[in-house]
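Worksheet: one structure, shown below.
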Protein chains: 2
Amino acid sequence: MEGNSCIRLYADQAQIMACKSKLKAAEKAFASLSAVLSLAGNEVRLKILYLLEEEKELCPCDLSDILGMTIPAISQHLKKLKDGGIVQTQKDGQTVFYSLVKELLPIVKPFFTHINSETFKTEVT
Amino acid sequence: MEGNSCIRLYADQAQIMACKSKLKAAEKAFASLSAVLSLAGNEVRLKILYLLEEEKELCPCDLSDILGMTIPAISQHLKKLKDGGIVQTQKDGQTVFYSLVKELLPIVKPFFTHINSETFKTEVT
DNA sequence: TTTGTATTTAAGCAACTGCTTAAATACAAA
DNA sequence: TTTGTATTTAAGCAGTTGCTTAAATACAAA
């Protein structure tokens with residue numbers, strides 16, 4: 001990628017430089033936030049996060065029943081969420097309980113608020 | 001997917017049914033929110049949204065310069081954002097200005113708040 | 001009209017995603 | 001120990017994503 005851009009007269013060079021430096025300053029924040037958003041951007045995983053918020057903790061087996069998916073499929077989603085630092089595990093015998101990591105709640109909670117308000121809002125059609 | 005779940009003794013059948021019906025009620029909300037999140041979950045698109053919020057409107061050419069990517073790559077990201085209803089266009093001569101759609105701001109704005117607070121917070125390491 | 005600029009679209013492709021089935025692992029009860 | 005349950009891991013694969021380059025389109029100025 002070199003010099004493919006337009007050769008326009010009216011580009012505001014100062015604006016472009018300012019934008020570049022803003023992005024550079026926030027580089028890490030973009031990487032970590034987009035990682036969380038792309039995890040939550042999968043419908044199955046979004047539902048898992050919502051359920052964990054509602055129920056506090058659930059095991060892969062419960063999630064499999066609730067979502068109507070195979071255990072390995074659920075387990076692989078949970079692994080991604082755990083690797084992404086969004087959920088954590090606690091073992092009790094041979095069952096593993098998954099729950100939301102508190103630190104990520106500020107990002108994730110607004111989603112649930114939105115889900116609930118979309119779902120239970122008064123119909124005005 | 002049929003009967004692959006565990007055959008556990010202590011499944012709380014009432015809890016599982018309650019979860020299922022909550023999900024069913026919010027089915028549409030999950031679909032539309034996960035679509036928006038997966039769009040914003042791409043780092044390039046997240047930056048585009050952030051820049052549009054900061055600058056009010058930008059053309060593909062500007063974004064190409066700022067992000068250091070080819071025009072077609074940018075244009076294809078913008079198309080996805082437009083198809084997803086997150087951005088809108090306004091034409092002026094031969095340049096096309098992209099801006100955020102107001103209706104989606106409640107979902108998208110918290111991202112920017114998070115980006116800024118992560119970036120400009122006081123270091124407490 | 002011809003020429004040039006801004007943007008979009010299309011085709012090709014390597015890389016990634018999310019499922020499937022099968023096998024491996026962890027743990028508990030008999 | 002053997003047996004069974006809960007979970008994870010691995011391999012295979014169709015489908016999707018996000019870039020590239022090249023071509024098409026839209027519009028304005030000469």
Side-chain angles (χ1 to χ4, degrees), chain A residues 1-12 16 30-31 34-35 37-48 57-84 87-99, chain B residues 1-12 16 31 34-48 57-84 87-99:
Chain A
M1 157 67 198
E2 214 69 52
N4 303 37
S5 46
C6 317
I7 310 146
R8 63 207 182 291
L9 294 171
Y10 301 114
D12 181 341
I16 286 171
F30 280 112
S34 66
L37 294 179
S38 81
L39 284 169
N42 174 283
E43 191 167 337
V44 171
R45 285 192 296 263
L46 186 60
K47 286 177 179 173
I48 290 175
E57 61 176 22
L58 288 166
C59 62
C61 204
D62 287 333
L63 288 166
S64 164
D65 280 358
I66 296 165
L67 293 166
M69 296 177 64
T70 64
I71 298 263
I74 295 292
S75 180
Q76 284 159 17
H77 280 303
L78 289 170
K79 182 174 181 4
K80 288 184 183 179
L81 290 172
K82 191 178 179 187
D83 289 347
V87 306
Q88 59 198 356
T89 56
Q90 202 207 323
K91 212 163 187 179
D92 178 10
Q94 51 189 329
T95 96
V96 178
F97 288 100
Y98 283 81
S99 57
Chain B
M1 156 66 197
E2 213 68 53
N4 302 36
S5 45
C6 318
I7 310 147
R8 62 206 183 294
L9 295 170
Y10 302 114
D12 182 340
I16 286 170
S34 66
V36 172
L37 295 180
S38 81
L39 284 170
N42 174 284
E43 192 167 336
V44 171
R45 286 192 296 264
L46 185 60
K47 287 176 179 173
I48 290 176
E57 61 176 22
L58 287 166
C59 62
C61 204
D62 287 333
L63 286 165
S64 163
D65 280 357
I66 295 166
L67 293 166
M69 295 177 62
T70 63
I71 298 264
I74 295 292
S75 179
Q76 285 159 18
H77 280 302
L78 288 170
K79 182 174 181 3
K80 289 184 183 181
L81 290 172
K82 191 178 179 187
D83 289 348
V87 306
Q88 60 197 355
T89 56
Q90 202 206 322
K91 212 164 188 179
D92 177 11
Q94 50 188 331
T95 96
V96 177
F97 288 100
Y98 283 81
S99 57

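Convention: sequence-line order gives letters A, B, ...; per-chain numbering from 1.
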Measure the distance from CG on A:L63 to P on C:dC19 and round it to the nearest whole Å.
13 Å

Please tell me if A:S75 has a side-chain N or O lying less than 4.0 Å from either OP1 or OP2 of D:dT7.
no

Minimal non-hydrogen separation, A:C61 against A:I71, with atom names
CA-CD1, 3.8 Å

By nearest heavy atom, map A:A73 and B:P60 onto DNA chain C; which one lands nearer the 5' end?
B:P60

Grab the CG-P distance between B:L67 and D:dC19 for me, whole Å please.
10 Å

Between atom CD of B:Q94 and atom SG of B:C59, what is the distance when rounded to the nearest 0.5 Å?
11.0 Å

Exactly one of B:E57, B:Q88, B:Q90 clears side-chain hydrogen bond (donor to acceptor under 3.5 Å, both in side chains) with B:S99, and that residue is B:Q88

Let's see if you can work this out: which of D:dT8, C:dT17, C:dC19 has an atom nearest to the side-chain heavy atoms of A:K80?
C:dT17

Which dot-bracket string describes DNA chain C (Watson-Crick N1-N3 plus N6-O4 or O6-N4, or G-U N1-O2 and O6-N3, all under 3.5 Å; [ ] crossing; | other strand)?
||||||||||||||||||||||||||||||

Rounded to the nearest 0.5 Å, what separates atom CG in A:L46 from atom NE2 in A:H77?
11.5 Å

Protein and nucleotides 10-13 of chain D: nitrogen or oxygen contacts under 3.5 angstrom:
from   : atom 1 : to    : atom 2 : distance (Å)
D:dA10 : N6     : A:Q76 : NE2    : 3.0

What are the atom names and distances for every N/O pair under 3.5 Å that joins the protein to nucleotides 1-4 of chain D?
none

Closest non-hydrogen atom pair between B:S38 and A:G41, with its separation
CB-O, 3.4 Å

Rounded to whole Å, how long is the line connecting atom CZ of B:R45 with atom P of D:dG18?
4 Å

Distance in Å, B:D62 CG paired with B:I74 CD1, rounded so as to fall on 0.5 Å steps:
10.5 Å

How many whole angstroms separate atom CE of A:M69 from atom P of C:dT20?
7 Å

Reckon A:K91 has a side-chain N or O less than 4.0 Å from the OP1 or OP2 of D:dA6?
no

Is any side-chain N or O of A:N42 closer than 4.0 Å to OP1 or OP2 of C:dG18?
yes

Could you state the atom-to-atom distance from CZ of B:F97 to P of C:dT8 in whole Å?
12 Å

Could you tell me how far apart A:L39 (CG) and C:dG18 (C1') are, to the nearest whole angstrom?
13 Å

Nearest heavy-atom approach of A:S34 to A:A31 is OG-O, 3.2 Å

Nearest of C:dT7, D:dT21, D:dT7 to any side-chain atom of B:T70?
D:dT21

Please determine whether a side-chain nitrogen or oxygen atom of A:Y98 lies at a distance below 4.0 Å from atom OP1 or OP2 of D:dA6.
no

Nearest 0.5 Å, please: how far is OG in A:S75 from CG in A:L63?
10.5 Å

Among C:dC19, D:dG18, C:dT7, which nucleotide has an atom closest to any side-chain atom of B:H77?
D:dG18

Whole-Å distance separating the CG atom of B:L81 from the P atom of D:dT17:
13 Å

Is any side-chain heavy atom of A:V87 closer than 4.5 Å to a side-chain heavy atom of A:I48?
no

Would you give the length of the straight line joining atom CZ of A:F97 to atom OG1 of A:T89, rounded to the nearest 0.5 angstrom?
12.0 Å

Residue pair A:L78, A:V96: steps toward the side-chain contact (heavy atoms from CB on, under 4.5 Å) verdict:
CA-CA 11 Å; A:L78 289 170; A:V96 178; over 6 Å; no

Closest to the B:C59 side chain, choosing from D:dC19, C:dT7, C:dC19:
C:dT7

Just verifying a value: how many Å separate B:L67 CG and B:E43 CD, rounded to the nearest 0.5 Å?
10.0 Å

Whole-Å gap separating C1' (D:dC19) and CD1 (B:I48)
13 Å

From the options C:dC19, C:dT7, C:dT9, select the nucleotide whose nearest atom is closest to the side chain of A:V44.
C:dC19

